[in-house]
Amino acid sequence: MVVVSKPAIEQFSSYLKNNKPTTLFTQIPLVDLSKPDSKHQIIKACEEFGFFKVINHGVPMESISMLESEATKFFSLPLCEKQKTGQPQPYGYGHKRIGIQGDVGWVEYLLLTTNQDPSLHSFQTFRVALNNYMKSVKKMACEILEMMADGLKIQPRNVLSKLLTDEESDSVFRVNHYPPCPNVQPLSGNGNGNGDVIGFGEHTDPQIISVLRSNNTSGLQISLREGSWISVPPDQTSFFINVGDSLQVMTNGRFKSVKHRVVTNSVKSRLSMIYFCGPPLSEKIAPLPSLMTGDQQSLYKEFTWFEYKKSAYNSRLADNRLIHFEKIAAS
């Protein structure tokens with residue numbers, strides 16, 4: 001677990017108060033993957049929220065439970081044992097510090113590649129559980145991206161999913177553990193989280209989509225278009241999908257990457273597992289020609305995933321990373 005002395009908690013003082021009250025949001029867009037017409041719900045959710053919940057996803061509960069059990073065991077180990085996976089540069093074990101630009105959070109984590117990551121060579125059972133889980137989640141992610149292509153009426157329908165199935169795909173996997181924070185004021189009945197400590201600061205994900213699953217502890221919040229924050233009720237049997245910056249560019253702004261964050265809990269720990277669906281490093285990211293109509297102009301300059309990933313890695317969590325790649329409208 002993350003061990004922080006009381007004086008050290010003061011470094012989180014800038015996070016102790018949320019700028020705006022949060023409310024519990026029960027109308028999260030719901031997508032049933034067993035229904036072919038769900039493609040329409042996916043498109044609507046991506047346009048309005050950049051976020052949706054998935055049920056009947058086909059990922060075996062046995063795989064989910066096994067990985068959660070192994071991750072829980074890992075984070076309960078002494079710090080010296082966890083650090084054997086290597087320092088986060090960027091892959092490996094990290095705690096409190098997020099990235100290289102000074103962001104901190106009440107969190108410890110493992111950041112891994114999806115291609116036989118060597119970080120877990122000493123944790124064979126964990127690695128087996130991780131590989132089984134990722135195989136199923138990758139299949140689900142491809143299905144979602146193909147339904148998305150169907151809903152957008154673009155061909156071929158694997159125009160997005162092929163970026164994940166490519167053997168050079170730069171997808172990554174992250175496991176976050178948020179221990180109970182003793183200085184957190186419990187949520188009031190109206191969902192006002194003004195006393196919460198930030199576990200992971202507000203940000204968007206740079207990849208195409210992110211596939212998130214957590215245990216049954218609350219903490220995830222997303223920002224609506226007008227800037228208000230809403231708390232997402234946890235559901236350990238379902239998955240949540242985030243639209244990433246790359247997909248926003250590929251749809252020329254039709255889909256919006258969702259800004260989100262995690263707040264801590266004073267009593268229960270939270271464990272989340274995120275599959276970040278990334279394209280090959282050399283892939284050029286630009287609006288899909290089939291989505292451009294008439295004389296519609298691209299809102300973004302073309303860039304490679306490597307260029308954007310490097311830019312994101314060197315930025316603060318809350319930065320608007322896409323601003324450097326937007327085209328300046330002619331006056």
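For clarity, every value in this text was computed on a predicted model and none was experimentally measured.
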Undergrad: Would you please indicate if the ring centroids of Y178 and F200 are separated by under 6.0 Å?
TA: no
Undergrad: Do W106 and I198 come within less than 4.5 Å of each other through their side chains, counting heavy atoms only?
TA: no
Undergrad: Among Q236, R213, K73, exactly one meets side-chain hydrogen bond (donor to acceptor under 3.5 Å, both in side chains) together with E68. Which residue is that?
TA: R213
Undergrad: Is L79 linked to L77 within one hydrophobic cluster, defined over Ile, Leu, Val, Met, Phe, Trp and Tyr using a side-chain heavy-atom separation of less than 4.5 Å?
TA: yes
Undergrad: Does Y300, at its OH atom, have more than 12 non-hydrogen atoms belonging to other residues, nucleotides or ligands within less than 6.0 Å?
TA: yes
Undergrad: With the 4.5 Å side-chain cut-off for hydrophobic clustering, are F255 and I154 part of the same group?
TA: yes
Undergrad: Side chains of L291 and Q296: does their closest heavy-atom pair fall under 4.5 Å?
TA: no
Undergrad: N176 and side chain to side chain contact (heavy atoms under 4.5 Å, CB included): which single residue from V107, V262, L110 fits?
TA: V107
Undergrad: List the steps, then state whether side chain to side chain contact (heavy atoms under 4.5 Å, CB included) holds for E48 with K256.
TA: CA-CA 8 Å; E48 296 181 0; K256 299 290 186 182; over 6 Å; no
Undergrad: Does the side chain of S246 come under 3.5 Å of the side chain of Q207 through a donor N or O and an acceptor N or O?
TA: no
Undergrad: What are the two closest non-hydrogen atoms of S171 and T114, and how far apart are they?
TA: O-OG1, 3.2 Å
Undergrad: With a 3.5 Å cut-off and no angle check, do the side chains of R316 and Q101 form a donor-acceptor pair?
TA: no
Undergrad: Quick test of your reading: applying side chain to side chain donor-acceptor pair (under 3.5 Å), list the pairs with at least one residue in residues 277-288, sequence neighbours left out, ordered by first then second residue.
TA: none
Undergrad: List the steps and the verdict of side chain to side chain contact (heavy atoms under 4.5 Å, CB included) for L281 and E168.
TA: CA-CA 8 Å; L281 290 172; E168 298 297 324; over 6 Å; no
Undergrad: Does a sphere of radius 6.0 Å around NZ in K53 hold more than 12 heavy atoms from other residues, nucleotides or ligands, not counting ones at 6.0 Å or beyond?
TA: yes
Undergrad: Could you measure the distance from the CG atom of N242 to the CD1 atom of I208? Nearest 0.5 Å is fine.
TA: 13.5 Å
Undergrad: May I ask you to test the L160-L247 pair for a side-chain heavy-atom distance under 4.5 Å?
TA: yes
Undergrad: Would you find a donor on one side and an acceptor on the other, under 3.5 Å apart, between the side chain of H203 and the backbone of G201?
TA: yes
Undergrad: Once rounded to the nearest 0.5 Å, what's the spacing between atom CD1 of I241 and atom CD1 of I209?
TA: 5.0 Å
Undergrad: Assess, by modelled atom type and distance only, whether the side chains of S161 and E146 contain a donor and an acceptor separated by less than 3.5 Å.
TA: yes
Undergrad: Might you point out which heavy atoms bring L163 and V159 nearest each other, and give the distance in Å?
TA: CG-O, 4.1 Å
Undergrad: I'd like to check V31 versus S38 (side-chain heavy atoms, cut-off strictly below 4.5 Å). Are they in contact?
TA: yes
Undergrad: What is the distance from atom NZ of K153 to atom CD of Q155, rounded to the nearest 0.5 Å?
TA: 12.0 Å
Undergrad: List the steps, then state whether side chain to side chain contact (heavy atoms under 4.5 Å, CB included) holds for D170 with W305.
TA: CA-CA 9 Å; D170 186 47; W305 168 238; 2.8 Å; yes
Undergrad: I need the minimum non-hydrogen distance between S231 and Q221, along with the two atoms involved.
TA: OG-NE2, 3.4 Å
Undergrad: So, do F52 and F240 have ring centers that fall under 6.0 Å from each other?
TA: no
Undergrad: In this structure, would M147 and L288 fall into the same cluster of hydrophobic residues linked by side-chain contacts under 4.5 Å?
TA: yes
Undergrad: State whether the number of non-hydrogen atoms from other residues, nucleotides or ligands found under 6.0 Å of M140 atom CE is greater than 12.
TA: yes
Undergrad: Given side chains that start at C-beta, do those of N314 and I100 come closer than 4.5 Å, heavy atoms only?
TA: yes
Undergrad: Nearest 0.5 Å, please: how far is CG in L67 from CZ in F74?
TA: 12.0 Å
Undergrad: Please report the C-alpha distance between F325 and Y308 in whole Å, then the side-chain angles of each, then the deciding distance to 0.1 Å, and finally whether the side chain to side chain contact (heavy atoms under 4.5 Å, CB included) criterion is met.
TA: CA-CA 9 Å; F325 299 88; Y308 193 63; 3.3 Å; yes
Undergrad: Which atom names give the shortest non-hydrogen contact between H177 and P179, and what distance separates them?
TA: O-CD, 3.4 Å
Undergrad: Among side-chain atoms of S257 and D245, is any donor-acceptor pair under 3.5 angstrom?
TA: yes
Undergrad: Using a 6.0 Å cut-off, check whether atom CD of E47 has over 12 heavy atoms from anything other than its own residue.
TA: yes
Undergrad: With salt bridge (charged side-chain N to carboxylate O under 4.0 Å, His left out) as the test, would you mind laying out the steps for E81 and K84 before giving the verdict?
TA: CA-CA 5 Å; E81 291 296 314; K84 289 181 179 179; 3.1 Å; yes
Undergrad: Under the 3.5 angstrom rule, does the side chain of R321 hit a backbone N or O of T204 as a donor-acceptor pair?
TA: yes
Undergrad: Should the pair K82-E108 be classified as a salt bridge under the 4.0 Å nitrogen-to-oxygen rule?
TA: yes
Undergrad: Do any side-chain atoms of residues 269-279 form donor-acceptor pairs under 3.5 angstrom with protein atoms, and if so which ones, sequence neighbours left out?
TA:
residue: R270; atom: NE; partner: T217; partner atom: O; Å: 3.4

Undergrad: Are M61 and F239 linked, directly or through intermediate hydrophobic residues, by side-chain heavy-atom contacts shorter than 4.5 Å (ILVMFWY only)?
TA: yes
Undergrad: Under 4.0 Å between a side-chain nitrogen and a carboxylate oxygen: does that hold for D150 and K39?
TA: no
Undergrad: Can you measure from OG (S65) to CD (E62) and round to the nearest 0.5 angstrom?
TA: 8.0 Å
Undergrad: Under 4.5 Å between any side-chain heavy atoms of V243 and V258, yes or no?
TA: no
Undergrad: Taking all non-hydrogen atoms of both residues into account, name the closest pair between Q248 and T251 and its distance.
TA: O-OG1, 3.2 Å
Undergrad: Flag the pair K139 and E143 as a salt bridge only when some basic side-chain nitrogen lies within less than 4.0 angstrom of an acidic carboxylate oxygen.
TA: no
Undergrad: How about K259 and I222: do any of their side-chain heavy atoms sit closer than 4.5 Å?
TA: no
Undergrad: Hey, what do you get for OG (S238) to CG (L212), rounding to the nearest 0.5 Å?
TA: 11.0 Å
Undergrad: Closest heavy-atom contact between C46 and R225?
TA: O-NH2, 4.1 Å
Undergrad: Side chains of M250 and I285, heavy atoms from C-beta outward: is any pair under 4.5 Å?
TA: yes
Undergrad: Would you find a donor on one side and an acceptor on the other, under 3.5 Å apart, between the side chain of N252 and the backbone of L299?
TA: yes
